[in-house]
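Here's the structure, in structure tokens; my notes come after.
Counting convention: from 1, in listed order, for ligands and their atoms alike.
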Amino acid sequence: MSEVQLLPVSKTVPMPLLERARELGVSEFGESRVQELLVKAAQVEEAAPRWVMIGPLQTNKARDLARVAHEIQTVDSAKVAQALQRRLEQADRRMTALLQVNTSGEEAKSGCAASEVEALLEATAACDRLEVRGLMTIATRGGDEAETRRCFAALREVRDRLSATSGVALPELSMGMSGDLELAIEEGATVIRVGSALFGARPPLV
Ligand SMILES: *Cc1c(COP(=O)(O)O)cnc(C)c1O
């Protein structure tokens with residue numbers, strides 16, 4: 001079996017707990033809001049961890065993100081890719097990137113449609129500051145096991161089809177969170193994004 005990487009998701013996790021995780025050797029954190037990521041990044045002193053953006057990005061936040069983040073898993077439009085490209089050029093930085101695909105079909109979810117991923121991959125190929133490593137998805141909220149599995153399998157199938165037609169490898173599949181990571185691994189996840197199972201339950205959203 002190939003290796004599955006665990007991305008610790010630190011959104012809403014207070015700094016002391018994050019620092020404790022760093023002492024235990026955690027060197028990478030996923031955050032879903034640019035503002036929170038920036039505030040935390042500014043508080044961490046030496047040996048900066050790798051900051052990974054896992055929430056939707058508004059283009060007016062691209063500049064801030066480009067200055068501090070190392071990866072974005074939520075590129076879902078050419079507009080977002082191009083905004084980041086421009087800001088990464090200005091900051092003379094690079095980021096690794098995943099393209100987010102909406103496999104659940106839920107309207108409220110970000111991510112491009114499966115039918116649009118090929119065009120998005122072409123658009124990002126022109127953005128040389130973004131190194132596209134694969135795809136990311138979030139399964140249907142509250143879906144049963146079959147539905148969750150369907151979302152993950154769909155991402156893998158999109159990847160397989162796309163890498164065959166484009167010749168781009170796209171090795172990474174980021175899928176699965178605390179509640180559905182076993183299914184994600186069975187369906188081929190290479191990255192699982194784990195928050196509450198590591199850091200405890202988050203306060204409810206207000
Ligand atoms: C919050 C979040 C996670 C982690 O969720 P848990 O259920 O706490 O593991 C994973 N992925 C994304 C995109 C998130 O926003």
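The protein heavy-atom contact nearest to atom 12 (C) of ligand 1 is I54 CD1, 3.5 Å. Residue, atom and distance of the protein heavy atom nearest to atom 9 (O) of ligand 1 are S178 OG, 2.5 Å. What sits closest to atom 5 (O) of ligand 1 on the protein, heavy atoms only, is R202 NH2, 3.7 Å. Among all non-hydrogen protein atoms, the one lying nearest atom 10 (C) of ligand 1 is M177 SD, 3.2 Å. Looking at atom 14 (C) of ligand 1, its nearest protein heavy atom turns out to be K11 NZ, 3.0 Å.
When only modelled atom types and interatomic distance are considered, T96 and E131 share no side-chain donor-acceptor pair under 3.5 Å. When only modelled atom types and interatomic distance are considered, Q5 and E172 share no side-chain donor-acceptor pair under 3.5 Å.
Within the 4.0 Å heavy-atom shell around ligand 1 one does not find Q73.
Residue M136 is tested with L99, V75, T74, I72 for a side-chain contact (heavy atoms from CB on, under 4.5 Å); the sole match is T74. With Q85 as reference, R129 is the one residue of M95, Q90, R129 to meet the side-chain contact (heavy atoms from CB on, under 4.5 Å) rule.
Remark: ligand 1 atoms within the under-4.0 Å shell around heavy atoms of R193 are 4 (C), 9 (O), 10 (C), 11 (N), 12 (C), 13 (C). Heavy-atom proximity to V194, at under 4.0 Å, picks out these atoms of ligand 1: 9 (O).
Considering only heavy atoms from C-beta on, R159 stays 4.5 Å or farther from L155 through its side chain.
Of the N or O atoms in G195, one or more lie within a sub-3.5 Å distance of an N or O in ligand 1.
Taking 4.0 Å as the cut-off between side-chain N and carboxylate O, R161 and E157 do not count as a salt-bridged pair.
Here the shortest heavy-atom distance to atom 7 (O) of ligand 1, taken over S174, A197, G30, S196, belongs to S196.
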